[in-house]
Novice: 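Let me begin by handing over the structure; questions about it come next.
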Amino acid sequence: MKFLGKPRSQRAAFLPLCLLFLKILHPGHSHLYSSRYAGDKVIRLIPSTEEEAYALKKIYQQLKVDLWQPGSISQVSEGTVTDVHIHHNGSRALLAFLQETNIHYKILMEDLQKVLEKGSSLPSQRSRRSVPGYNYEVYHSLEEIQNWMHHLNKTHSGLIHMFSIGKSYEGRSLFVLKLGRRSRAYKRAVWIDCGIHAREWIGPAFCQWFVKEALLTYRSDPTMRKMLNHLYFYIMPVFNVDGYHFSWTNDRFWRKTRSRNSRFRCRGVDANRNWRVKWCDEGASMHPCDDTYCGPFPESEPEVKAVANFLRKHKKHIRAYLSFHAYAQMLLYPYSYKYATIPNFSCVESAAYKAVKALQSVYGIQYRYGPASSTLYVSSGSSMDWAYKNGIPYTFAFELRDTGHFGFLLPEMLIKPTCTETMLAVKNITMHLLRKCP
Ligand SMILES: *[C@@H]1O[C@H](CO)[C@@H](O)[C@H](O)[C@H]1NC(C)=O
Ligand SMILES: *[C@@H]1O[C@H](CO)[C@@H](O)[C@H](O)[C@H]1NC(C)=O
Ligand SMILES: *[C@@H]1O[C@H](CO)[C@@H](O)[C@H](O)[C@H]1NC(C)=O
Ligand SMILES: *[C@@H]1O[C@H](CO)[C@@H](O)[C@H](O)[C@H]1NC(C)=O
Ligand SMILES: [Zn+2]
């Protein structure tokens, strides 16, 4: 199991040499994404009246801002925080407007390119070698993640089985790991997916971390052993493979899938608005150029359809659905699409409460928890609501770190603490569902 740990000294020694080579091979290729975010800003705004919210919506539309929080302009309302990424060509106009209208704001990032380059090591600065010595404290490209999965499938066949549930729009395999001790007896299962939204890189990092921890502690940790003996975990480290790849190669802040539209040049559908549950209602957009575009019809995206088919087929034994997003530090459960509590609310609520407490016990990081609609915002067509509606009793969406300081650019240094604390929450929820509620 030696490749699960990271030989630090080896990496340190290897790095300067590696850099030297890359400098020779790619002179001048020293800026991520060709410096396209130089001078861009991220600004937090809180409209305090309806008029201010209305004015903000208008200017957001005009300046075509990239909304980080919430997901769509329709969700901008008084009293709620909005984080916007403004292209450098529009930042002066936005700031002038804010000063004129006296709307409260705070600049979260003065220069997005600088934050981007500081927080994560340049992909070219890292060992891109095969799996032995796999480093779980850096972000990995899709290719690296898939190689890692193939490797585990070969070396850990006792606990891991890797299979594909279909193909993405661009033809990539949609891989899932089935994790757990094989058994002839009936076992219940937990579904975990990461990376529905491409730019939320901490999600896939957590999915990989979960698998690593499971393999490393299966023998030594009684809780983990119980989990893997009594349950199967279906883990999909990268749900939106096309989008994730695109966020590495072209646009770090890409969110949607990459499907084409027949009438518009904009590409992609929000894979978390494309499910057949109150599809394309409140909190989703019908416009293909919006980040929360619900798609031409439910399950139009091959990625969504593949997962929905898999869950439909296995829903009898899948007891929990967990989906990993960023950023907000929240643990959410249904409903997303309406302000109402689910039946048997108390079981789910107490699971969430305990999970959040367990998470907080590590570094004191606080998570809010509650129904997604009232805790985050209303959104329709989400995977969590769909899973719940289709009979999976425990369905949760995690919004991982942070609360906006780095936003989607959570530095690699924070992968370990984030995953360590989240691990406790996931174990806690899992143990909760192994018992009879309450
Ligand atoms: C500013 O940049 C954005 C994003 O690249 C672009 O869509 C927009 O047309 C530009 N606006 C102006 C006024 O140049
Ligand atoms: C995983 O390994 C098994 C054999 O142990 C093999 O049958 C299967 O095709 C592998 N999965 C993938 C996706 O390669
Ligand atoms: C609520 O929980 C009870 C006991 O676990 C179960 O029998 C019942 O079907 C649940 N009701 C709903 C609506 O989920
Ligand atoms: C779950 O978290 C609660 C609250 O922190 C704790 O009391 C309990 O022991 C945890 N259970 C497990 C199995 O980790
Ligand atoms: Zn998300």
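Order of appearance sets the numbers: ligands from 1, and atoms from 1 within every ligand. Here the structure is a predicted model, which means the values were calculated and not measured.
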Novice: Is it true that, when you exclude R368 itself, more than 12 heavy atoms of the residues, nucleotides or ligands shown sit nearer than 6.0 Å to its CZ?
Specialist: no

Novice: Could you check whether Y369 and Y367 have their ring centres less than 6.0 Å apart?
Specialist: no

Novice: So, is M162 polar-close to ligand 2, with some N/O to N/O distance under 3.5 Å?
Specialist: yes

Novice: Show your working on side-chain contact (heavy atoms from CB on, under 4.5 Å) between F396 and L331 and close with a plain yes or no.
Specialist: CA-CA 7 Å; F396 293 97; L331 178 49; 3.8 Å; yes

Novice: Could you grab the protein N, O or S atoms closer than 2.8 Å to the Zn ion (ligand 5) for me?
Specialist: H197 ND1, E200 OE1, E200 OE2, H325 ND1

Novice: Charged N to carboxylate O under 4.0 angstrom, D83 versus R44?
Specialist: yes

Novice: Do the two ring centres, one from F264 and one from H287, sit under 6.0 Å apart?
Specialist: yes

Novice: Below 4.0 Å from any atom of ligand 4, which residues have a heavy atom? Give them in chain and number order, please.
Specialist: K354, K357, A358, N428, M431

Novice: State, to 0.1 Å, how close W254 and A198 come at their nearest heavy-atom pair, and which atoms those are.
Specialist: O-CB, 3.2 Å

Novice: Can the ring centroids of Y37 and F253 be said to lie less than 6.0 angstrom from one another?
Specialist: yes

Novice: Looking only at non-hydrogen atoms, find the nearest pair between A351 and I429 and report the distance.
Specialist: O-CG1, 4.2 Å

Novice: Going by the angle between their ring planes, with limits at 30° and 60°, are Y234 and H314 parallel, tilted or perpendicular?
Specialist: tilted

Novice: N153 versus ligand 2: do any nitrogen or oxygen atoms come within less than 3.5 Å of each other?
Specialist: yes

Novice: Is the shortest distance from a Lys or Arg side-chain nitrogen in D385 or K278 to a carboxylate oxygen in the other one below 4.0 Å?
Specialist: no

